[in-house]
There are 2 protein chains.
Amino acid sequence: MIDPPMTDISKKSQIYNAAARLFRKKGYKATSMQDIANALDIKAASLYNHISSKQEILKFLLINIADAFTSGMKDIEESSLDDIEKLEQLVILHVDLTLRYKDSIALITGEWVHLENPYLDQYLKQRNQYEKRFLTILKRCQKHSHIDAKINLDIALFSILSSLHWLYNWYNKNKSISKIELSRQLKLILLKGIINI
Amino acid sequence: MIDPPMTDISKKSQIYNAAARLFRKKGYKATSMQDIANALDIKAASLYNHISSKQEILKFLLINIADAFTSGMKDIEESSLDDIEKLEQLVILHVDLTLRYKDSIALITGEWVHLENPYLDQYLKQRNQYEKRFLTILKRCQKHSHIDAKINLDIALFSILSSLHWLYNWYNKNKSISKIELSRQLKLILLKGIINI
DNA sequence: GCTTTGAACTAACAATTGTTAGTTTACATG
DNA sequence: CATGTAAACTAACAATTGTTAGTTCAAAGC
């Protein structure tokens with residue numbers, strides 16, 4: 001979540017939320033501080049009472065999601081589920097986070113390139129590790145013959161992650177479908193194809 | 001293709017190519033005319049001897065790819081292949097165009113939002129039609145029981161297209177794999193899961 | 001009631017943006 | 001040689017960018 005005080009939503013959080021929505025719609029570079037300020041009915045300069053820079057907003061949003069994925073992965077790894085169930089749980093994790101972080105999740109498909117360098121490195125490192133851990137689970141599935149030996153797991157991983165990362169884009173115009181059903185369908189479509197029997 | 005004269009590559013084409021590479025790496029808004037000019041070792045103002053505006057470059061690149069997809073779809077629809085073979089052929093089409101238009105293909109995942117409005121509408125219309133025609137083929141597969149009835153085809157379509165649109169991003173760091181093998185794997189991974197026996 | 005503080009404001013900044021106008025240079029054609 | 005053209009150049013433009021400094025105002029804490 002984004003809101004520290006439980007009374008009502010803090011101004012800082014409001015800024016993050018508004019920025020996320022705008023970054024999603026127009027992109028980071030095309031979103032001006034004026035745009036963000038307008039969304040909150042204040043002047044651009046007033047934003048700096050709450051945040052230190054535009055870049056800090058992007059950093060906050062991206063590091064936040066990255067952490068959410070990392071911690072979700074950890075929970076799944078440490079569970080006692082078998083490998084296929086772990087894959088299913090990863091699908092659910094992505095659906096979950098997509099619905100929870102509706103706007104800022106969009107940044108991971110492209111806007112992260114505008115992150116600057118102490119944090120860009122951190123973000124990419126975290127992302128690479130996530131993919132590596134995802135791949136490890138796939139490898140164990142293949143080793144135990146749950147995935148056909150002729151499947152190239154690098155391609156399978158990229159394919160699965162593409163769909164899951166792109167989900168945010170598709171979901172907003174199809175809100176009719178329930179979260180449960182969405183997860184069920186994605187497990188079918190993404191996993192059934194690579195799991196024998 | 002991008003090069004009209006067959007002698008050597010025209011300046012206009014060089015501009016389109018350089019811009020595509022930069023748009024891909026930094027995004028449309030973050031790429032300045034100076035950036036493009038620097039890539040060609042000329043001054044920014046000199047670009048206007050060959051092109052009329054930055055927006056025109058984006059328009060050219062996007063309409064070009066959209067046309068390539070539309071015409072590829074038409075060829076497949078008019079072929080005498082059965083529906084499953086048509087799906088396989090669509091996968092090949094995407095792989096083909098991804099390798100052919102290495103850079104500008106990247107624009108379709110996000111930078112199209114910066115297209116302005118006579119052309120934005122045209123682009124989106126073309127894209128929607130493409131998806132509709134893709135879906136039609138999927139529906140026929142399901143009607144003839146090649147795809148399980150419990151699969152939601154809207155989700156299946158979005159999932160397939162996500163992987164195929166994202167391919168450009170993955171391919172550059174994995175050039176070791178051949179085009180043939182890549183198509184084969186994607187057909188397996190994307191289609192085998194939704195096609196019965 | 002005085003003081004502190006949070007949060008808005010105005011004004012200004014230096015830099016960068018896309019683009020235009022006018023000029024110069026190099027080369028090919030007559 | 002003279003001329004025309006293609007394509008580079010310089011200089012300048014108006015607008016917008018993110019950000020800083022300094023100020024004002026209202027509410028909270030003492």
Side-chain angles (χ1 to χ4, degrees), chain A residues 2-23 25-62 107 111 113-120, chain B residues 2-23 25-62 107 111 113-120:
Chain A
I2 275 174
D3 29 323
M6 59 212 297
T7 70
D8 64 344
I9 191 163
S10 80
K11 202 73 176 201
K12 197 167 188 173
S13 302
Q14 285 179 265
I15 294 174
Y16 288 139
N17 286 332
R21 203 169 329 120
L22 287 162
F23 290 170
K25 193 166 74 175
K26 318 174 46 173
Y28 175 75
K29 278 283 179 181
T31 299
S32 68
M33 296 301 271
Q34 279 219 43
D35 291 333
I36 301 172
N38 284 345
L40 301 172
D41 261 315
I42 59 176
K43 303 290 173 183
S46 304
L47 293 170
Y48 291 83
N49 287 319
H50 308 280
I51 51 97
S52 67
S53 69
K54 189 187 179 187
Q55 178 72 199
E56 188 226 88
I57 302 178
L58 183 65
K59 180 202 79 182
F60 173 85
L61 296 173
L62 275 170
L107 303 176
E111 299 303 316
V113 300
H114 300 114
L115 204 53
E116 286 164 14
N117 218 332
Y119 297 103
L120 178 58
Chain B
I2 274 175
D3 27 324
M6 58 210 299
T7 70
D8 65 344
I9 190 163
S10 80
K11 202 72 174 200
K12 197 167 187 173
S13 302
Q14 285 180 266
I15 293 174
Y16 287 140
N17 286 331
R21 202 169 329 119
L22 286 163
F23 290 171
K25 192 165 76 173
K26 317 173 48 174
Y28 176 76
K29 279 285 180 181
T31 299
S32 69
M33 296 302 271
Q34 279 221 41
D35 291 333
I36 301 173
N38 285 345
L40 301 172
D41 261 315
I42 58 176
K43 302 291 173 183
S46 304
L47 294 170
Y48 290 83
N49 287 320
H50 308 279
I51 52 99
S52 68
S53 69
K54 187 187 180 187
Q55 177 72 199
E56 189 226 87
I57 301 178
L58 183 65
K59 180 201 79 182
F60 173 85
L61 296 174
L62 276 170
L107 303 175
E111 299 302 316
V113 300
H114 299 114
L115 204 53
E116 286 164 14
N117 219 333
Y119 298 102
L120 178 58

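Computed over heavy atoms, backbone and side chain alike; hydrogens, waters and symmetry mates excluded. Numbers restart at 1 for each chain; the letters A, B, ... are given by sequence-line order, proteins then strands.
- By the side-chain contact (heavy atoms from CB on, under 4.5 Å) test, Asn38(A) pairs with no residue at all, sequence neighbours left out.
- The ring-ring contact (aromatic ring centres under 6.0 Å, His included) contacts involving residues 25-49 of chain B comprise Phe23(B)-Tyr28(B), Tyr28(B)-His114(B), where partners must be two or more places apart or lie in separate chains.
- A pairwise comparison of heavy atoms in Ala19(B) and Ile36(B) identifies CB-CD1, 3.9 Å as the closest pair.
- A donor-acceptor pair under 3.5 Å links the side-chain atoms of Gln55(A) to the main chain of Glu116(A), judged by distance alone.
- No more than 12 heavy atoms of other residues, nucleotides or ligands sit less than 6.0 Å from atom NZ of Lys29(A).
- Taking every heavy atom of both residues into account, Glu111(B) and Leu58(B) meet most closely at O-CD2, 4.1 Å.
- Note that the NZ atom of Lys59(A) and the CG atom of Leu115(A) stand 9.0 Å from one another [nearest 0.5 Å].
- Side-chain atoms of Tyr16(B) and Leu61(B), non-hydrogen and from C-beta on, do get closer than 4.5 Å to each other.
- In this structure, Ala37(B) and Lys43(B) approach most closely via the heavy-atom pair CB-C, 3.6 Å.
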For nucleotides 26-28 of chain D, which of its nitrogen or oxygen atoms have a protein nitrogen or oxygen under 3.5 Å away, and what is each distance?
none

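- In plain terms, the two heavy atoms of Leu47(B) and Met33(B) that are nearest each other are CD1-O, 3.4 Å.
- Judged by distance alone, with hydrogens and angles left aside, the side-chain atoms of Ser46(B) form no donor-acceptor pair with the main-chain N or O of Ile42(B) at under 3.5 Å.
- Between Ser52(B) and the choices His50(B), Lys54(B), Glu56(B), the side-chain hydrogen bond (donor to acceptor under 3.5 Å, both in side chains) rule is met once, by Glu56(B).
- Protein chain A contacts DNA chain C over a range whose 5' and 3' limits, counting nucleotides with an atom under 4.0 angstrom from a non-hydrogen atom, are dA7(C) to dA11(C).
- Scanning DNA chain D for stems, defined as runs of 3 or more consecutive Watson-Crick or G-U wobble pairs whose donor-acceptor distances all fall under 3.5 Å, gives the following ranges: C:1-13 with D:18-30, C:18-30 with D:1-13.
- Shown for residues 34-50 of chain A: residues whose heavy atoms fall under 4.0 angstrom of DNA chain C, namely Ile42(A), Lys43(A), Ala45(A), Ser46(A), Asn49(A), His50(A).
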